[in-house]
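To keep things clear, I will list the structure first and then write my remarks on it.
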Amino acid sequence: MERWTGRLAVVTGASAGIGATIAKTLVKNGINVVGMARRVDKIQALAKELENEKGKLIAVQCDVSDSASVQSAFQTVEECHGGVDILINNAGILGKTSLLDGPVEDWSRILSVNVIGLCHCTKLAVKSMRERKVDDGQIIHIS
């Protein structure tokens, strides 16, 4: 991880669970992290816990199922933090319905978060990396 010291990672779904743990681990290893999630207050609380670590955690509100929210969050990353070097697509939801008896609205929400949101974040991260000629960027999808 030493080669990533001082670089910027974006972690979606960083407000709890696996995403929060990933963000915390990266910050403790000297990587600056933009934690994105709907519940930005939870990321802000985690950032306070990590104030004395090697890296920094920055909270940015983002609902990956909302195109405008994703666009705005990545624009903030570009304008305020210089761009993405690492993207960890962690945001995701589970469905409690089945294919045979689940409502279409539930399927749409699952696809919107787990597939469309992941693709949109990836597209914007790759754009950031290419524009800055980052040739060692990393993208990790968690499902």
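What you see is a predicted model; the values in this text were computed from it and never measured.
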Distance-only donor-acceptor hits, side chain of residues 33-59, under 3.5 Å, sequence neighbours excluded:
from	atom 1	to	atom 2	distance (Å)
R39	NH2	S15	OG	3.2

> From Q75 CD over to S128 OG, what is the distance, rounded to the nearest 0.5 angstrom?
Replying inline: 12.5 Å
> Do you reckon W4 sits in the same ILVMFWY cluster as I139, going by side-chain contacts under 4.5 Å, direct or chained?
Replying inline: no
>> Does anything in residues 67-93 form a salt bridge (charged side-chain N to carboxylate O under 4.0 Å, His left out)? List the pairs, not counting sequence neighbours.
In response: R7-D85, D85-R132
> Quick one: are V84 and F74 in side-chain contact, heavy atoms under 4.5 Å?
Replying inline: yes
>> Going by side-chain contact (heavy atoms from CB on, under 4.5 Å), V113 matches just one of D66, V64, L118. Which one?
In response: V64
> Do I140 and I22 come within less than 4.5 Å of each other through their side chains, counting heavy atoms only?
Replying inline: no
> What residues, two or more places apart in sequence or in another chain, satisfy salt bridge (charged side-chain N to carboxylate O under 4.0 Å, His left out) together with K127?
Replying inline: E131
> With sequence neighbours excluded, what pairs up with I110 under the side chain to side chain contact (heavy atoms under 4.5 Å, CB included) test?
Replying inline: I93, N114
>> I'd like to know if the side chain of S69 reaches the main chain of D63, judged simply by a donor and an acceptor atom lying under 3.5 Å from each other, with no hydrogens or angles considered.
In response: yes
> If you look at every heavy atom in V11 and G19, which pair is closest and at what distance?
Replying inline: CG1-O, 3.7 Å
> What distance separates T5 OG1 from I31 CD1, expressed to the nearest 0.5 Å?
Replying inline: 6.5 Å
> With sequence neighbours left out, which residue pairs that include part of residues 21-36 fulfil the side-chain hydrogen bond (donor to acceptor under 3.5 Å, both in side chains) condition?
Replying inline: none
> Do you know which two heavy atoms are closest between T97 and G102, and how far apart they sit?
Replying inline: CB-CA, 3.5 Å
> Which residues, ordered by chain and number, are linked to V115 in its hydrophobic cluster, where ILVMFWY side chains connect at heavy-atom gaps below 4.5 Å, directly or through other members?
Replying inline: L111
> Can you check whether S112's main-chain N or O pairs, donor with acceptor, with S65's side chain at less than 3.5 Å?
Replying inline: no
>> Please determine whether residues L8 and V60 belong to a single hydrophobic cluster, defined as Ile, Leu, Val, Met, Phe, Trp and Tyr linked transitively by side-chain heavy-atom distances below 4.5 Å.
In response: yes
>> Which heavy atom of M129 sits nearest to which heavy atom of Q138, and what is that distance?
In response: CE-O, 3.8 Å
>> I want to check something: taking the side chain as every heavy atom from C-beta on, are V10 and C121 in contact at a cut-off of under 4.5 Å?
In response: no
